[in-house]
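Report on the structure given below.
Hydrogens, waters and symmetry mates play no part in the numbers below; they use all other heavy atoms, side chains included. Note that ligands are numbered from 1 as they come in the structure, with each ligand's atoms numbered from 1 the same way.
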Amino acid sequence: FKIIEQKREEFMKQSILSDEFLDLLDKNKKPFDLLMSYYRCAVMEIETKFRVLDQEYSLEYDGNPIESIKSRIKSYDSIARKVRRKNIPMTIESLEENIRDIAGVRVVCSFPEDIYELADSFLRQDDITLIEMKDYIKNPKPSGYRSLHLIVQVPIFLQKTKKYVYVEVQLRTIAMDFWASLEHKLRYKKNIPEDEAKLIAQELYDCSVESAKLDERMQKIRSMMNKGESE
Ligand code: GTP
Ligand code: MG
């Protein structure tokens, strides 16, 4: 990968990949694939942790706090794009340290309160190290995007060693997920005049405010029902 990095400039100028460059890629495929396999393991570990919490919570209260879990490993192309955007070296070590969302786990919950409960229980586990937390629920993005983002480190136990890898965990409600999925789809529509694009962005933002209100209302209904039950 160090050599690939040195050759990158040269290679970017060529429109056709040289045999020499393809050879280099081939030789480095193994360490890259190995790194990706660590991320797949990390995702399995994190998913299991959330499934266990979901089980435990469902025994305590009725109903499961988690609606679904979706995981993904960043594709090679997407990693390469981010490397270029962040202008970091294309080496295994640099990918491991600088791209902290190669492994991503998205936990979709029923109610906003569940997000914080689950995140707390997850972060209390002693093999999980919190590196960074971004609360886009309390502070939504200008787009209207809401979710709780955690960058954590989790150990992977291999035959002879223990390896720590970064995983990005996104926790959101069904309503937040619904908004983010549709906004993501619309984001890639091209050739929209600027003033129209502004109106659309405003409309999307308004929709996110509406969906946040629905989250609050549904949560209130739940607490009304829970109160009724305990009386
Ligand atoms: P990146 O370098 O893009 O990862 O940015 P970052 O490190 O600042 O991460 P950020 O906290 O912005 O979270 C990035 C991830 O959150 C994205 O990969 C999306 O999954 C999600 N995300 C962030 N903003 C938006 C948004 O406005 N709309 C949607 N649909 N998703 C978003
Ligand atoms: Mg990111």
Side-chain angles (χ1 to χ4, degrees), residues 32 35-36 38-40 42-43 46-47 50 66-109 112 114-116 118-120 122-123 128-154 164-190 192 194 196-215:
F32 182 80
L35 181 65
M36 292 303 121
Y38 295 157
Y39 287 116
R40 272 193 292 279
V43 159
I46 304 280
E47 276 193 15
F50 279 103
I66 297 177
E67 280 289 326
S68 62
I69 302 176
K70 304 168 212 171
S71 301
R72 66 110 183 82
I73 305 292
K74 234 184 172 60
S75 66
Y76 179 83
D77 284 352
S78 176
I79 292 171
R81 239 178 286 129
K82 196 157 183 173
V83 163
R84 249 170 270 145
R85 180 158 59 82
K86 292 180 76 163
N87 205 14
I88 53 175
M90 185 72 169
T91 62
I92 292 284
E93 296 78 22
S94 143
L95 292 186
E96 271 189 272
E97 188 45 40
N98 298 309
I99 315 251
R100 299 182 175 182
D101 63 349
I102 292 179
V105 178
R106 188 171 285 163
V107 182
V108 180
C109 303
D114 298 341
I115 290 174
Y116 292 101
L118 279 168
D120 272 351
F122 169 68
L123 292 173
I128 292 292
T129 311
L130 177 65
I131 304 297
E132 189 184 6
M133 167 146 48
K134 290 190 202 160
D135 191 342
Y136 297 128
I137 301 173
K138 295 212 167 73
N139 306 299
K141 285 202 155 190
S143 62
Y145 176 78
R146 297 182 304 132
S147 284
L148 180 68
H149 286 195
L150 312 172
I151 302 287
V152 298
Q153 253 183 343
V154 60
Y164 286 90
V165 300
Y166 292 110
V167 178
E168 180 179 82
V169 182
Q170 301 180 343
L171 294 116
R172 41 169 88 157
T173 61
I174 305 168
M176 296 172 196
D177 190 49
F178 153 78
W179 183 91
S181 301
L182 297 189
E183 190 259 3
H184 184 76
K185 273 189 192 158
L186 296 170
R187 186 181 281 255
Y188 296 102
K189 292 257 184 288
K190 299 253 159 61
I192 299 171
E194 204 180 312
E196 207 172 314
K198 255 190 191 159
L199 278 176
I200 291 170
Q202 182 62 46
E203 186 63 10
L204 277 168
Y205 184 84
D206 293 347
C207 283
S208 88
V209 173
E210 288 305 313
S211 83
K213 283 182 192 155
L214 283 179
D215 263 342

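- Contacts between Lys86 and ligand 1, counted as non-hydrogen atom pairs separated by less than 4.0 Å, are absent for every part of the residue.
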*CA sep, side-chain torsions, deciding dist, call: Glu183, Arg187, salt bridge (charged side-chain N to carboxylate O under 4.0 Å, His left out)*: CA-CA 6 Å; Glu183 190 259 3; Arg187 186 181 281 255; 2.8 Å; yes
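- Residue contacts with ligand 1, taken as heavy atom pairs separated by less than 4.0 Å, do not involve Arg146 at all.
- Taking every heavy atom of Asp101 and a limit of under 4.0 angstrom, the matching atoms of ligand 1 come to 4 (O).
- Using a 4.0 Å cutoff on heavy atoms, Gln170 counts as a contact of ligand 1.
- There is no side-chain donor-acceptor pair under 3.5 Å between Asn98 and Tyr166.
- Those atoms of ligand 1 with a heavy atom of Arg106 less than 4.0 angstrom away are 20 (O).
- The Ala180 neighbourhood of ligand 1 comprises atoms 30 (N), with distances under 4.0 Å to a heavy atom of that residue.
- Under the 3.5 Å distance criterion, with hydrogens and angles disregarded, a donor-acceptor pair is assigned to the side chains of Glu47 and Ser71.
- Contact annotation for Lys185 and ligand 1: no heavy atom of the residue comes within less than 4.0 Å of the ligand.
- For ligand 1, the atoms sitting less than 4.0 Å from at least one non-hydrogen atom of Arg85 are 2 (O), 3 (O), numbered in the order shown with element in parentheses.
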*Begin from the C-alpha positions of Ile102 and Met36 and carry the test side chain to side chain contact (heavy atoms under 4.5 Å, CB included) through to its verdict.*
CA-CA 8 Å; Ile102 292 179; Met36 292 303 121; 4.0 Å; yes
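- We find the NE2-CZ distance between His149 and Arg172 to be 6.0 Å, quoted to the nearest 0.5 Å.
- Short contacts between ligand 1 and Arg187, defined as distances under 4.0 Å to a heavy atom of the residue, involve ligand atoms 26 (C), 27 (O), 28 (N).
- Interface atoms of ligand 1 facing Lys82, defined by a heavy-atom separation under 4.0 Å, are 1 (P), 2 (O), 4 (O).
- Residue Tyr145 qualifies as enclosed at atom OH: its count of foreign heavy atoms under 6.0 Å is above 12.
- For Tyr38, the ring-ring contact (aromatic ring centres under 6.0 Å, His included) criterion is met by no residue, not counting sequence neighbours.
- Aromatic rings from Tyr76 and Phe32 are positioned such that their centres are separated by under 6.0 Å.
- For atom 7 (O) of ligand 1, the candidate residues are Lys134, Lys141, Arg100; the nearest heavy-atom contact is made by Lys134.
- Listed by chain and number, the residues in a salt bridge (Lys or Arg N to Asp or Glu O under 4.0 Å) with Lys141 amount to none (sequence neighbours excluded).
- The shortest N/O to N/O separation between Ser143 and ligand 1 falls below 3.5 Å.
- Less than 4.0 angstrom separates some heavy atom of Tyr136 from each of these atoms of ligand 1: 10 (P), 11 (O), 12 (O).
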